[in-house]
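Comments concern the structure below.
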Amino acid sequence: MDLALLRTFVTVHRAGSFTRAAALLGLSQPAVTSQIRTLERQLGRPLFLRQARGVTPTTIGDELAHRAAPHLDALVEIAEGGLDDFSSRTLYLAGPPEFTTERALPALTGLTGDDGQGFTLRVSFGTAEETLEGLACGRHDLAISTTRPRGALLSATPLCDEEQVLVAAPRWAERIGADTVRLKGAPALEDLPVVEVHESLPFVSRYWASVFDCAPAATGTVIVPDLRAVLSCANAGAGLAVLPRYLCAPALEQGTVVTLLDPVVPPLRTYFLVVRTGTLALPHVARAHEWLRRAAAAWC
């Protein structure tokens, strides 16, 4: 079987589209279509179901990708990096901006040193959907995600749980009154302004569902697309916010924000380390994966 055909097939499988695969491979779309048809004729089975937007793999297509992709990734790694030049390898990491910046990068910088085992590091930020899509397409080697991927193409390992905390500046807590939120629940918070990362209030909505078993009645007063900016606004008194404890712990210690409620079972969000299945056989991916897992033991 022609390895070039397999490479094209795996790229289409990861991209979910002939058009996106052609762009990744530097080929024309007709060329990609022709190669997939050739491979399907050789196998005597269809590998993809053509749809209005993209393609969906058949069962045999998924099975072939699961078996072939790790070996093709390893061959590309050898071809691009050489057998003995481990120090020249580059790790492409993707994840959410706040967690990656505050947690993952400090843990990984020790792997970029001059001990003969280091590698260069390239980092991308994005949503869970964006990072997993980029990982599947081969743009990243390792992804940090709050979503566990489905299917056999990507392999996920739980990394750590992140506690979510309901906070606000002290003046808002004083306005509500001590223990009011604990006694009255969500209605006690309805008049407070809300600081969030998106109009849909993803963090506040998850907290309300978990702790109060309802949806929030408020709308966002300040919307900023970064949790660090949310914290800055909360520090300045812009309103209540739901933040990961690791991010707001210094502000809580300094008293610029306070917790509005301490539920017995706080809401948690799980992070996963995700790789393409089989790529943990690559030394630099395996080493970064292990370092992050060890570092995460101290984060919980």
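Quantities reported herein were computed from a predicted structural model and do not represent experimental measurements.
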Considering all heavy atoms of both residues, which atom of [X] and which atom of [Y] are nearest to each other, and what is their separation?
{"X": "S17", "Y": "V55", "result": "N-CG2, 4.0 Å"}
{"X": "Y92", "Y": "R139", "result": "CB-O, 3.7 Å"}
{"X": "V222", "Y": "C233", "result": "CG1-SG, 3.9 Å"}
{"X": "P216", "Y": "L201", "result": "CG-CD1, 4.3 Å"}
{"X": "V12", "Y": "A21", "result": "CG2-CB, 3.5 Å"}
{"X": "P70", "Y": "A65", "result": "CD-O, 4.1 Å"}

Distance, nearest 0.5 Å, that separates [atom1] of [X] from [atom2] of [Y]:
{"X": "L280", "Y": "R287", "atom1": "CG", "atom2": "CZ", "answer": "14.5 Å"}
{"X": "T146", "Y": "R148", "atom1": "OG1", "atom2": "CZ", "answer": "12.5 Å"}
{"X": "R276", "Y": "R14", "atom1": "CZ", "atom2": "CZ", "answer": "4.5 Å"}
{"X": "S145", "Y": "E129", "atom1": "OG", "atom2": "CD", "answer": "10.5 Å"}
{"X": "F203", "Y": "L243", "atom1": "CZ", "atom2": "CG", "answer": "8.0 Å"}
{"X": "F9", "Y": "L43", "atom1": "CZ", "atom2": "CG", "answer": "8.5 Å"}

Within a 6.0 Å radius of atom [atom1] on [X], are there more than 12 heavy atoms belonging to other residues, nucleotides or ligands?
{"X": "R269", "atom1": "CZ", "value": "yes"}
{"X": "D191", "atom1": "CG", "value": "no"}
{"X": "R50", "atom1": "CZ", "value": "yes"}

Quick check: do [X] and [Y] have side-chain heavy atoms less than 4.5 Å from each other?
{"X": "T8", "Y": "I36", "value": "yes"}
{"X": "T120", "Y": "R122", "value": "yes"}
{"X": "R228", "Y": "T101", "value": "yes"}
{"X": "S205", "Y": "S200", "value": "no"}
{"X": "T56", "Y": "Q51", "value": "yes"}
{"X": "R206", "Y": "P267", "value": "no"}
{"X": "W208", "Y": "L166", "value": "yes"}
{"X": "T219", "Y": "E199", "value": "no"}

Those residues that, when tested against R45, pass side-chain contact (heavy atoms from CB on, under 4.5 Å) (two or more places apart)
I60
Taking only residues two or more places apart in sequence, or in another chain, which ones meet A288 in a side-chain contact (heavy atoms from CB on, under 4.5 Å)?
L91, L108, L111, F119, L142
Option passing side-chain contact (heavy atoms from CB on, under 4.5 Å) with H140 (candidates L135, V123, L93)
L135
Sequence neighbours excluded - side chain to side chain donor-acceptor pair (under 3.5 Å) pairs with any residue from residues 165-190
none
For L64 and L6: C-alpha separation, side-chain torsions, deciding distance, then whether side chain to side chain contact (heavy atoms under 4.5 Å, CB included) applies.
CA-CA 9 Å; L64 180 59; L6 278 177; 4.2 Å; yes
Using the rule that two of Ile, Leu, Val, Met, Phe, Trp, Tyr join whenever any of their side-chain heavy atoms come within less than 4.5 Å, decide whether [X] and [Y] are in one cluster.
{"X": "L268", "Y": "F212", "answer": "no"}
{"X": "L5", "Y": "L47", "answer": "yes"}
{"X": "L27", "Y": "L3", "answer": "yes"}
{"X": "L240", "Y": "V258", "answer": "no"}
{"X": "V224", "Y": "V194", "answer": "yes"}

Will you find, in the side chains of E40 and Q42, an N or O donor that is under 3.5 Å from an N or O acceptor?
no
Has [X] got a side-chain atom pairing as donor or acceptor with [Y]'s backbone, closer than 3.5 angstrom?
{"X": "T58", "Y": "P46", "result": "yes"}
{"X": "S34", "Y": "P30", "result": "no"}
{"X": "T100", "Y": "P97", "result": "no"}
{"X": "E133", "Y": "E130", "result": "no"}

Return a table of donor-acceptor pairs under 3.5 angstrom between the side chains of residues 246-256 and protein atoms on other chains or two or more places apart.
unit_1: Y246; atom_1: OH; unit_2: F99; atom_2: N; d: 3.3
unit_1: T256; atom_1: OG1; unit_2: N235; atom_2: OD1; d: 2.9
unit_1: T256; atom_1: OG1; unit_2: A251; atom_2: O; d: 3.3

Taking side-chain hydrogen bond (donor to acceptor under 3.5 Å, both in side chains) as the definition, give me every residue that meets it alongside E98, ordered by chain and number, with sequence neighbours left out.
none
Tell me, please, which residues at least two apart from Y207 pass side-chain hydrogen bond (donor to acceptor under 3.5 Å, both in side chains).
none
Quick one: do T90 and L121 satisfy side chain to side chain contact (heavy atoms under 4.5 Å, CB included)? Show the steps, please.
CA-CA 6 Å; T90 299; L121 185 61; over 6 Å; no
Start with the C-alpha gap between V197 and V230, add the side-chain angles, then the distance that decides, and say whether side chain to side chain contact (heavy atoms under 4.5 Å, CB included) holds.
CA-CA 7 Å; V197 297; V230 171; 3.7 Å; yes
Applying side chain to side chain contact (heavy atoms under 4.5 Å, CB included), run through L260 and V167 and close with a yes or a no.
CA-CA 6 Å; L260 298 179; V167 301; over 6 Å; no
